[in-house]
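Everything below concerns the one structure shown next.
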Amino acid sequence: MAKFYITTPIYYVNDKPHIGHTYTTTMADIFARWHRLLGDDVFFLTGTDEHGEKVQKAAEKQGLGPEEFVDAMAAQFMERWKGFGITNDVFMRTTDPQHERTVKDFIKKIYDAGDIYKGEYEGWYCTPDETFVTELQLKDGKCPYCGREVRKVKEESYFFRLGKYQQMLLDLYDRNPDFLSPRFRAMETINRVKEGLNDLSITRKSVKWGIEFEQDKGNVLYVWLDALINYLSALKWPDGTFEDFWPADVHVVGKDIAWFHAVIWPALLMSAGIEPPKKVFSHGWWTIEGRKMGKSLGNAVDPVDITRKYGVDALRYYFVREMPFGEDGDFSEGKLIARINGELVDDLGNLVYRSLTLAERFGGNITGTPELDRGLDIENIKGLMQKLDTFNAIEAIWEQVRRTNRYINEKQAWKLSGEQLGNVIYNLLESIRVISILLSPFMPETSEKIRVQLGVEKQGLNHCGFGEFRGKVSKQGHLFEKFSREKHSENP
RNA sequence: AGCGAGGUAGGGUAGCCAGGAGUGCCCGCCGGGCUCAUAACCCGGAGAUCGGUGGUUCAAAUCCACCCCUCGCUACCA
């Protein structure tokens, strides 16, 4: 049996889960479900990143100890994913004792390898923003984010010899052209690596909330280092299920953190003598109603509100349908409604409803010759999903939805009777059954509703050929409801 | 500034890497068909000098050069 290890980043808990987190996690969930459908042994990991200065400060602000604070925040993420039907196998928290143990073992390994040395970290610090700023980022000598004065800080720090791995990283990219996907994003990173790599400061003295650097107590590990290692601690490296699932098949990340996953992470792994992951996939960003989503702008839509109104499947569908995985896109409620009304209701919902009406009225044998399977290329869809091309995969599935609707018209099914009608209904139900299987990773609830109405067993991807139809049809109303677009007219 | 991505009918996209009639898809618009279906479905139509200029070629949306415009990234911000 093939294995499939997929991860989301672990989310930093100084913020509530927003649409971006939801997107990343949903996409990973889709791939996890797809591979389960293929029969693979899937390990799907998500979690929370709970250390660091920002968390410490955020806790203080609320008058809480960091432990209390992160417990509450992590619970929010866990509940959220549960509510959204996310099928992660493990939820890893960086405050988990297992994680701390793994991190310390890992650090010891690269320390023993001679890749950590003591130096001095120097940089610009914006006190009001509580953030470090590089020389390059400065705007007229001031903070590029808020425009206020910055001060120079110096701190004793331990460094990881990132620069040492420059050539090995370039070789890695060279050998595995798909290591960092999509391609157009890989270029950015590769060119930056070619320009040279500075060593990475990996400890902080000023920060208390983190994992101790055992080789010189009093120093705390830089949160990013701590965070990346979660991909190993979830497997209980070096033992546990490490051998079963490593290397990770794909780390799904936002484009902002591609650098950490495509450069720093493989370098750390090389230092520890561990194989790098197979793929880092960096997806794009959503703008909201055409505007950048940002904490400061405060215009982030709440995914909970959206799903309460429109359902989880509608949001999942929108995520996949609205933008190619990897590129940027715009999230707008009006466009969401347009897709629900025009595609989920008019195409899919209507197809299932009208077909079941025909089937229920028909008293004869539902059997015939496969006709509607022509044009539906399952292997092609598998290939697309293998390339993480959900955009074209869903399009291919939708072509079958439209093809099936067209089939009813072409056959003028409502005028037929007897064997001819039995044959048409057979083709309709088989097509819908296959559609429901293919759709199940994308819209699990909807897929299940269709399956129940068809009265068929749960099936995997190996049942996507037309065979005998062995269901007991029972129509149960519409799959989706329409929404008014009055307040959301998008394309006047 | 450097690096990267993109500019294709009213809107959104695919096609470009491996040149071959502007070819496709979705929405919108116009017309028709149908009545199994949530005014849903199906068919047909209008609508594009494929950002601009020049070049290579029998042939360019596609390759090359230059220019214009838009947007990202530039590392210890998780």
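In what follows, every chain begins at residue 1, and chains take the letters A, B, ... in the order their sequences are listed. Atom set for the values below is all heavy atoms of this structure, side chains included, hydrogens, waters and symmetry mates excluded.
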Closest to side chain of Trp414(A), choosing from C26(B), C36(B), C41(B) = C36(B)
Can a donor-acceptor pair be found between the side chains of Asn88(A) and Thr46(A) at a distance below 3.5 Å?
-> no
5' precedence on RNA chain B between Arg339(A) and Val345(A) (nearest-nucleotide basis) = Arg339(A)
Can you check whether His261(A) and Tyr231(A) have ring centres sitting under 6.0 Å from each other?
-> yes
Residue matched to U70(B) through Watson-Crick or wobble contacts both under 3.5 angstrom = A5(B)
Rounded distance in Å - CG (Leu180(A)) to P (G4(B)) = 15 Å
Would you indicate, yes or no, if C43(B) has its OP1 or OP2 atom less than 4.0 angstrom from a side-chain nitrogen or oxygen of Arg406(A)?
-> yes
With sugar-phosphate meaning primed atoms plus P, OP1 and OP2, does Ile10(A) contact a base, only sugar-phosphate, or nothing at under 4.0 Å between heavy atoms?
-> nothing
On a whole-Å scale, what distance lies between the C1' atoms belonging to C3(B) and G19(B)?
-> 29 Å
So, the side chain of Tyr353(A) versus the backbone of Gln476(A): is there a donor-acceptor pair under 3.5 Å, distance only?
-> no
Partner of U49(B) under the Watson-Crick or G-U wobble criteria, both distances under 3.5 Å, comes out as none
Anything under 30° is parallel, anything over 60° is perpendicular, the rest tilted; go ahead and classify Phe213(A) against Tyr158(A).
-> tilted
Between C41(B), C3(B), A40(B), which nucleotide gets closest to the side-chain atoms of Asn409(A)?
-> C41(B)
If the C1' atom of G10(B) is compared with that of G55(B), how far apart are they to the nearest Å?
-> 34 Å
Side-chain ion pair, Arg403(A) and Glu371(A), N-O less than 4.0 Å = no
side-chain N/O Lys335(A) vs C27(B) OP1/OP2, d < 4.0 Å = no
Look at all strands and tell whether Asn198(A) reaches a base, only sugar-phosphate, or nothing, counting heavy atoms closer than 4.0 Å.
-> base
Which nucleotide in the list C25(B), U38(B), A40(B) gets nearest to the side chain of Glu395(A)?
-> C25(B)
Identify the nucleotide, in any strand shown, that forms a Watson-Crick or G-U wobble pair with C76(B), with both distances under 3.5 Å; if there is none, say none.
-> none
Look at all strands and tell whether Asn230(A) reaches a base, only sugar-phosphate, or nothing, counting heavy atoms closer than 4.0 Å.
-> nothing
Using atom P of each nucleotide, how far apart are A21(B) and C16(B) to the nearest Å?
-> 13 Å
Name the pairing partner of G31(B), where a pair is Watson-Crick or G-U wobble with both distances under 3.5 Å, or state none.
-> C43(B)
To the nearest angstrom, the CZ-P distance between Phe483(A) and U38(B) comes to 17 Å
In whole angstroms, how far is the C1' atom of A1(B) from the CD atom of Glu195(A)?
-> 12 Å
Rounded to whole angstrom units, what separation is found between the CD atom of Glu322(A) and the C1' atom of G11(B)?
-> 12 Å
With sugar-phosphate meaning primed atoms plus P, OP1 and OP2, does Glu410(A) contact a base, only sugar-phosphate, or nothing at under 4.0 Å between heavy atoms?
-> nothing
Rounded to whole Å, CG of Asn405(A) lies from C1' of C26(B) at a distance of 15 Å
Have a look at Ser201(A) and say if it touches a base, only the backbone sugar-phosphate, or nothing, with a 4.0 Å heavy-atom cut-off.
-> base
Gap between atoms CH2 and C1', on Trp259(A) and A75(B) respectively (whole Å) = 5 Å
Heavy-atom nearest nucleotide on RNA chain B taken for Ile257(A) and for Gly196(A); more 5' hit belongs to Gly196(A)
How far does the P atom of G6(B) sit from the matching atom of C63(B), given to the nearest Å?
-> 11 Å
Side chain of Leu162(A) - closest among A75(B), G2(B), C36(B) = A75(B)
For A37(B), the nucleotide meeting Watson-Crick or G-U wobble distances (both under 3.5 Å) is none
In whole Å, what is the span from the CG atom of Asn341(A) to the C1' atom of C41(B)?
-> 16 Å
Are Glu322(A) and Arg339(A) close enough for a salt bridge, meaning some N to O gap below 4.0 Å?
-> yes
For the ring pair Phe159(A) and Tyr117(A), is the centre-to-centre distance below 6.0 Å?
-> yes
Could you work out the separation of C29(B) and G11(B) based on their C1' atoms and round it to a whole Å?
-> 12 Å
Using the C1' atom as the reference point in each nucleotide, state the distance between C27(B) and C73(B) in Å, no decimals.
-> 32 Å
Could you check which of C26(B), A37(B), U38(B) has an atom nearest any side-chain atom of Arg402(A)?
-> C26(B)
Is any side-chain N or O of Arg321(A) closer than 4.0 Å to OP1 or OP2 of G12(B)?
-> no
Closest to the His478(A) side chain, choosing from C36(B), A75(B), U38(B) = U38(B)
Rounded to the nearest angstrom, tell me the gap between atom CD1 in Ile337(A) and atom P in C27(B).
-> 17 Å
State whether a side-chain donor-acceptor pair under 3.5 Å links Ser431(A) with Tyr407(A).
-> no
From the candidates C73(B), C42(B), U38(B), the one with an atom nearest any side-chain atom of Arg192(A) is C73(B)
With rounding to whole Å, what would you report as the distance between G20(B) and A59(B) at their P atoms?
-> 15 Å
Between U35(B), C25(B), C76(B), which nucleotide gets closest to the side-chain atoms of Lys415(A)?
-> U35(B)
Is there a Watson-Crick or G-U wobble partner for C58(B) with both distances under 3.5 Å, and which nucleotide is it?
-> G20(B)
Classify the nucleic acid contact of Glu399(A) as base, sugar-phosphate or nothing, counting any heavy atom under 4.0 Å across all strands shown.
-> nothing
For Glu419(A), does the CD atom sit with more than 12 other heavy atoms under 6.0 Å from it, leaving out its own atoms?
-> no
Considering only C36(B), C25(B), C76(B), which nucleotide approaches the side chain of Leu200(A) most closely?
-> C76(B)
G24(B) to C67(B) separation - C1' atoms, rounded to the nearest Å = 31 Å
Which is true for Val223(A) with a 4.0 Å heavy-atom rule: it touches a base, it touches only sugar-phosphate, or it touches nothing?
-> sugar-phosphate
When you get a sec, tell me which of C76(B), C41(B), C42(B) is the closest nucleotide to the side chain of Arg204(A)?
-> C76(B)
Is there a donor N/O on one and an acceptor N/O on the other, under 3.5 Å, for the side chain of Asn350(A) and the base of C41(B)?
-> no
